[in-house]
Amino acid sequence: MITPPDRTPLPREFFDRPVLEVAPDLLGRILVRTTPDGPIALRLTEVEAYDGAADPGSHAYRGRTARNDVMFGPPGHVYVYFTYGMWFCMNLVCGPEGRASAVLLRAGEVIEGAELARKRRLSARNDKELAKGPARLATALGVDRALNGTDACAPGETPLRILTGTATGSDQVSNGPRTGVAGDGGVHPWRFWVSNDPTVSPYRAHVPRRRRS
DNA sequence: GTACGGATGTTCT
DNA sequence: GAACATCCGTACC
C-alpha cells in the first residue's frame, strides 16, 4: 500500500538534468499507470541511460525522425517505441531539452494492482516476472503507442505518472553494460539496477539476427 | 539451470 | 532488404 509522502509526484526539474544523473536516481521511484480497471504501480529496479545524438546506442543517434520525435522534446515526457514486431518499451525523456536523452525503464516490482498486471502477463510464472524486462514492464502496465508523448509530471489522475517513492541509496545501486545494445553503444556501463533485487532482468549481450530462409 | 531460434512489423538504408 | 534498446517455448544439460 502506498502512503504519503511516497505519493508526491516528481517535479519536472527532476528530469531536467543530465541523463546519467537521472537514471540511477530513478531507482526506487514509483510509476503509476491508471487504467479503466484501476491503478497499477511499480517500484523501478532497473533502468538504462541513452544519451542523445552522441550515443551510438540511442534511437536519436541518426537524428530526429517521426519515431524518436518525443526524445527531442521537453523532459518528463514518455517515449514509447515498438520493436521486434511485437513489443513496446517505454522511456522517460531527460533534459536539457533538445539533447534527446532518455531513460529506458527495464524492470520493476509491482506493488499495487498485481491482479491487473497478471491478466496482461499470462506467461509470467510468478509476480517477480511481471515486469522483469522492458517489454514485460510495458505489457504489465498496458503501455502502448497511444501513450507516446504523455507528460509523466502533469498534475492529477493522468494515465501515467511518476512519484518520489523511496530513492535507492547509491550503496545499493550497481551498474554495467547496457543489454542488447550493438557495437560501440555497448561499451558504456549505463545500465543501473538495484543490487541483488530479484525483479532485475538477466543481462543479454546483443545478438545479430540471422537472415530468415 | 543455459542455449537456441522463431515470431512479428516498423523503421531506416 | 536488413536490422531491431525482446520474449517465449523447446531442447538439452
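Letters A, B, ... are given to chains in the order of the sequence lines, protein chains preceding strands, and every chain is numbered from 1.
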Quiz item: Starting at the 5' end of DNA chain B, what dot-bracket string do you get if Watson-Crick and G-U pairs under 3.5 Å are bracketed, crossing pairs use [ ], other-strand pairs use | and unpaired bases use dots?
Solution: |||||||.||||.
Self-check item: Qualifying ring pair (Phe, Tyr, Trp, His ring centres under 6.0 Å) pairs, either residue in residues 107-154 of chain A, two or more places apart
Solution: none
Quiz item: Under the ring pair (Phe, Tyr, Trp, His ring centres under 6.0 Å) rule, what pairs show up with a residue in residues 156-188 of chain A, not counting sequence neighbours?
Solution: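 Output for this query lists A:His188-A:Trp190.
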Exercise. Report yes if at least one side-chain N or O of A:Thr65 is closer than 4.0 Å to OP1 or OP2 of B:dT11; otherwise report no.
Key: no
Practice problem: Hydrophobic side-chain clustering at under 4.5 Å (ILVMFWY, transitive links): who's grouped with A:Trp87? Put none if nobody. | Solution: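 Via sub-4.5 Å side-chain contacts, A:Trp87 links to A:Tyr84, A:Met86.
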Exercise. Would you mind listing the cluster partners of A:Trp193? Hydrophobic ones only (ILVMFWY), side-chain contacts under 4.5 Å, chaining allowed.
Key: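 Its cluster mates, by chain and number, are A:Val200.
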Quiz item: With distance as the sole test, does A:Arg99 use its side chain to make a donor-acceptor pair with the main-chain N or O of A:Asp51 at under 3.5 Å?
Solution: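 Side chain of A:Arg99 to backbone of A:Asp51, a donor-acceptor pair under 3.5 Å: no, none is there.
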With sequence neighbours excluded, what pairs up with [X] under the side-chain contact (heavy atoms from CB on, under 4.5 Å) test?
X: A:Val93; result: A:Val70, A:Tyr79
X: A:Ala182; result: A:His206
X: A:Tyr61; result: A:Pro56

Round to the nearest Å and state the distance from [X] atom [atom1] to [N] atom [atom2].
X: A:Arg145; N: B:dG9; atom1: CZ; atom2: P; result: 11 Å
X: A:Phe82; N: B:dT11; atom1: CZ; atom2: C1'; result: 11 Å
X: A:Arg178; N: C:dC4; atom1: CZ; atom2: C1'; result: 15 Å
X: A:Tyr61; N: C:dC4; atom1: OH; atom2: C1'; result: 17 Å

Quiz item: What string of B, S and - do you get for nucleotides 5-11 of chain C 5' to 3' if you count protein non-hydrogen atoms under 4.0 Å?
Solution: BBSS---
Compile the donor-acceptor pairs under 3.5 Å between side chains in residues 133-145 of chain A and protein atoms, sequence neighbours left out, one pair per line.
residue: A:Arg136; atom: NH1; partner: A:Lys132; partner atom: O; Å: 3.0
residue: A:Thr139; atom: OG1; partner: A:Ala135; partner atom: O; Å: 2.8
residue: A:Asp144; atom: OD1; partner: A:Ala146; partner atom: N; Å: 2.9

Quiz item: Between residues 188-196 of chain A and DNA chain C, which residues have a heavy-atom gap below 4.0 Å?
Solution: none
Quiz item: Taking the P atom of each, how far is B:dG6 from C:dA2, in whole Å?
Solution: 16 Å
Quiz item: Checking A:Arg12 against A:Phe15: charged group under 6.0 Å from the ring centre and within 45 degrees of the axis?
Solution: no
Quiz prompt | Partner set under side-chain hydrogen bond (donor to acceptor under 3.5 Å, both in side chains) for A:Thr166, not counting sequence neighbours | solution =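 Listed in chain order: nothing, the list is empty.
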